[in-house]
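Let me begin by presenting the structure, written as structure tokens, before commenting on it.
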Amino acid sequence: MIREIAWLVAMSIAMFAIPLRAADMQTSSPLELVRTIRLPDVRGRIDHLAVDAESGRLFVAALGNDSVEVVDLREATRVARITGLHEPQGIGYVSGANRLLVANAGGGVDVFEASTLRRISRIQGLDDADNVRLDAARGKIYVGYGHALAAFDAASGKLLESISLAGHPESFQLETAGTRIFVNVPSATQIAVVDRSKKAVIGNWSIGEQRANFPMALDEADHRLFVATRKPSSLLIFDTESGVRKSNLPIGGDADDLFYDGKRKQLYVICGDGVVDVIQQKDADHYERTAAVRTVRGARTGLFVPSRDALFLAIPAHVGGSAEIRVFTPR
């Protein structure tokens, strides 16, 4: 209890210490807050999110609460909670296989029947399991853990292969038209390029003088990879054909999630210092920060869902407010 109180006080102080940056850098914000869904008894950090678009459910990895919160987006309320987890970080939903995978920082991946939330199995031996990505075309799920990527059969949850890396993988993105996976490896200050067919690393791209490359997004049509770093706070743009860094611009601090909106040619950078930076893509090599939408310090994860035209932002509990999910519509 003492630790929880101390954490909440620290969050409150930090929240009100956010510099008075413009709520948006233009008259009309490109992100409109349309709904707030409260999670009143969720404590601690909130990590990644996943969505079941067909049933309208949002799955929230409440790392500090050792739970996954299940939200009904139609009713705008939490309808279920999965417990017995160990610092859940990554989460992935597989519609065709009716599976929900939860990657735990405390070790292992839990596999659930998505419709009933019944645990089917627990895959041990994957220390610091983190980000989860679906390769729908090949029926695989990839999970970053330890110093490797693990590939699972999406239907059975069976471990198929493990691909070694130079360090712990953070965010990674899969090509849909090709076989490559781009992986942030902060401890090695590089981006690893993995070939899914060869099941091996085929290249490493340096991030130069930057450090702490955590979130990543991909514009596959324009052959551009976006990587946010924390030291310093920057957005790096790479040409995926050559591996050459093409551009670099400043962003908010403590970025932990990054999404590309192909419809509007915009990027949403969720920064833990209390903003969502909106970056406009002028063309493949030119970008401009057009808004810094104020949030809460410590809100550093979310999910952009193109099919719903929605950006979901996870807000951790703080003195003066409970944990919640804020839903934005891009404009």
Side-chain angles (χ1 to χ4, degrees), residues 14-15 17-36 48-49 171 173 182 184 207-208 210 212-240 244-315 324-331:
M15 176 183 68
I18 296 172
L20 294 178
R21 301 170 62 179
D24 48 32
M25 296 181 179
Q26 53 191 32
T27 304
S28 178
S29 173
L31 290 176
E32 178 186 2
L33 179 63
V34 294
R35 178 168 285 181
T36 299
H48 299 295
L49 291 73
S171 183
Q173 299 296 325
F182 305 102
N184 269 334
I207 60 169
Q210 270 77 9
N213 49 317
F214 286 85
M216 174 188 285
L218 177 64
D219 171 10
E220 196 166 359
D222 292 320
H223 309 290
R224 291 297 179 265
L225 184 72
F226 309 103
V227 171
T229 63
R230 298 177 184 171
K231 298 178 182 179
S233 301
S234 305
L235 179 68
L236 312 181
I237 295 94
F238 289 84
D239 183 333
T240 59
V244 173
R245 193 172 85 182
K246 306 293 288 187
S247 189
N248 174 11
L249 68 157
I251 56 173
D254 195 28
D256 202 46
D257 254 340
L258 170 61
F259 303 97
Y260 177 67
D261 180 349
K263 178 180 177 180
R264 298 171 184 84
K265 300 293 183 179
Q266 291 184 154
L267 288 147
Y268 310 118
V269 191
I270 303 178
C271 304
D273 70 356
V275 297
V276 176
D277 276 339
V278 181
I279 311 294
Q280 184 67 50
Q281 183 185 56
K282 302 298 184 181
D283 58 47
D285 294 329
H286 297 90
Y287 300 80
E288 178 186 1
R289 184 167 59 167
T290 57
V293 180
R294 290 277 302 268
T295 60
V296 172
R297 191 176 291 275
R300 58 210 292 267
T301 55
L303 179 67
F304 176 60
V305 183
S307 63
R308 299 184 69 95
D309 234 7
L311 175 68
F312 299 96
L313 179 65
I315 304 291
E324 60 191 29
I325 301 296
R326 294 182 186 176
V327 187
F328 293 88
T329 296
R331 296 191 297 190

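Computed from a predicted structure; not experimentally measured.
- Asp309 is linked by a side chain to side chain contact (heavy atoms under 4.5 Å, CB included) to Lys263, Arg264, counting only residues two or more places apart in sequence or in another chain.
- Counting heavy atoms from C-beta on, the side chains of Met216 and Phe226 never come closer than 4.5 Å.
- Applying the side chain to side chain donor-acceptor pair (under 3.5 Å) rule to Asp256 yields the partners Arg230; only residues at least two apart in sequence or on another chain are considered.
- In this structure, the separation between CG on Asp239 and OG on Ser247 is 12.0 Å, given to the nearest 0.5 Å.
- Residues Val269 and Ala255 come closest through the heavy atom pair CG1-CB, 3.9 Å.
- With sequence neighbours excluded, the residues forming a side chain to side chain contact (heavy atoms under 4.5 Å, CB included) with Thr329 are Val34, listed by chain and number.
- Side-chain atoms of Arg331 come within 3.5 Å of backbone N or O of Ser29 as a donor-acceptor pair.
- Side-chain N or O atoms of Asp257 include one that pairs as donor or acceptor with a backbone N or O of Gly302 at under 3.5 Å.
- Judged by distance alone, the side chains of Tyr260 and Gln281 do bring a donor and an acceptor atom under 3.5 Å apart.
- To the nearest 0.5 angstrom, Lys231 atom NZ is 10.5 Å from Asp254 atom CG.
- Across every non-hydrogen atom of Ala228 and Ile251, the tightest pair is CB-CD1, 3.8 Å.
- A donor-acceptor contact shorter than 3.5 Å links the side chain of Asp273 to the backbone of Gly253.
- Checked by atom type and distance alone, the side chain of Arg224 pairs as donor or acceptor with a backbone atom of Ala284 at under 3.5 Å.
- Looking only at distances, a side-chain donor or acceptor of Thr240 sits under 3.5 Å from a matching main-chain atom of His223.
- Take Lys246 and apply the salt bridge (Lys or Arg N to Asp or Glu O under 4.0 Å) test, not counting sequence neighbours, and it matches no residue.
- Every residue two or more places apart in sequence or in another chain was checked for a ring pair (Phe, Tyr, Trp, His ring centres under 6.0 Å) with Phe214, and none qualifies.
- Every ring pair (Phe, Tyr, Trp, His ring centres under 6.0 Å) that Tyr268 has, sequence neighbours left out, goes to Phe304.
- Side-chain atoms of Cys271 and Val276, non-hydrogen and from C-beta on, never get closer than 4.5 Å to each other.
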Step by step, would you call Leu303 with His48 a side-chain contact (heavy atoms from CB on, under 4.5 Å)? CA-CA 8 Å; Leu303 179 67; His48 299 295; over 6 Å; no

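- The shortest distance between side-chain heavy atoms of Gln266 and Pro30 falls below 4.5 Å.
- By the side chain to side chain donor-acceptor pair (under 3.5 Å) test, Glu220 pairs with Thr176, sequence neighbours left out.
- Considering only heavy atoms from C-beta on, Val227 comes within 4.5 Å of Asn184 through its side chain.
- Residues Leu267 and Val278 fail the side-chain proximity criterion, which asks for heavy atoms closer than 4.5 Å.
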Decide side-chain contact (heavy atoms from CB on, under 4.5 Å) for Arg326 and Val296; before the verdict, give the C-alpha distance in whole Å, the side-chain angles of both, and the deciding distance to 0.1 Å. CA-CA 11 Å; Arg326 294 182 186 176; Val296 172; 3.7 Å; yes

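- With sequence neighbours excluded, the residues satisfying side chain to side chain donor-acceptor pair (under 3.5 Å) with Glu288 are Lys282.
- Between Ile325 and Ile315, the closest side-chain pair of non-hydrogen atoms is not below 4.5 Å.
- For Leu249, the side chain to side chain contact (heavy atoms under 4.5 Å, CB included) test picks out Leu235, Ile237, Ile279, Tyr287, with sequence neighbours left out.
- By the side chain to side chain contact (heavy atoms under 4.5 Å, CB included) test, Gln210 is found to be paired with Ile207, Thr229, Pro232, Ser234, Leu236, Arg245, Asn248, residues two or more places apart in sequence or in another chain being considered.
- Taking the side chain as every heavy atom from C-beta outward, Phe238 and Val244 never approach each other to under 4.5 Å.
- Across all their heavy atoms, Ala314 and Ala299 have their closest contact at O-CB, 3.5 Å.
- Contact of the Ile270 side chain with the Thr301 side chain is not registered, since no non-hydrogen atoms from C-beta on lie closer than 4.5 Å.
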